[in-house]
Amino acid sequence: TAARHKVKAVYRDVSREVNNAVRDLRMDILEIRRRQAESVDRLLPELEQQVTSMERQLTPALERYYAQTQRQVAKLKKDLERGTADTRLKLKAPDEEQ
């Protein structure tokens with residue numbers, strides 16, 4: 001019947017439009033993924049450089065604090081053995097030490 005043909009024609013047209021929209025969305029998604037990959041490729045070296053820089057700055061400071069703590073523990077141990085211990089640890093920043 002004419003109504004069936006009309007429905008089939010509309011279905012065909014709508015299906016074509018949906019397929020075109022899906023294809024366009026797939027292309028957009030591929031482009032977005034490509035741009036994300038490029039962004040990661042650009043950012044990764046800078047992030048690695050920043051981490052390396054932080055390691056260079058933090059490692060010496062942590063080593064100084066560790067050495068200071070070891071000295072204070074050794075002094076406290078000696079003072080405890082002599083009975084002259086001040087059990088309050090006085091932590092200072094490494095640049096405050098003398």
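Remember, it's a predicted structure, so these values are computed and weren't measured experimentally.
Counting only residues at least two apart or on different chains, the side chain to side chain donor-acceptor pair (under 3.5 Å) pairs with a member in residues 19-32 are N20-R23, E31-R34, E31-R35. Applying the side chain to side chain donor-acceptor pair (under 3.5 Å) definition to pairs two or more places apart or across chains, those involving residues 6-15 are D13-R16.
Residues satisfying the side chain to side chain contact (heavy atoms under 4.5 Å, CB included) test with V10, not counting sequence neighbours, are V14. With sequence neighbours excluded, the residues that form a side chain to side chain donor-acceptor pair (under 3.5 Å) with E46 are Q50. Listed by chain and number, the residues in a side chain to side chain contact (heavy atoms under 4.5 Å, CB included) with S53 are Q49, R56, Q57 (sequence neighbours excluded). Listed by chain and residue number, E55 satisfy the side chain to side chain contact (heavy atoms under 4.5 Å, CB included) test with V51 (two or more places apart in sequence, or in another chain). In terms of the salt bridge (charged side-chain N to carboxylate O under 4.0 Å, His left out) criterion, K78 has no residue partners (sequence neighbours excluded).
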For this session: Could you walk me through whether R33 and I29 pass side chain to side chain contact (heavy atoms under 4.5 Å, CB included), step by step?
Result: CA-CA 6 Å; R33 285 181 179 166; I29 290 170; 3.9 Å; yes

For this session: Run the numbers on E81 and K77 for side chain to side chain contact (heavy atoms under 4.5 Å, CB included), then give the verdict.
Result: CA-CA 6 Å; E81 289 169 356; K77 186 178 176 183; 3.7 Å; yes

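The line from CG of L30 to CG of L25 is 11.0 Å long, rounded to the nearest 0.5 Å. To the nearest 0.5 angstrom, M54 atom CE is 10.5 Å from T59 atom OG1.
Y66 pairs in a side chain to side chain contact (heavy atoms under 4.5 Å, CB included) with only one of the listed residues (R64, Q70, Q68), which is Q70.
Using a 4.5 Å heavy-atom cutoff, the side chains of R82 and D79 are in contact.
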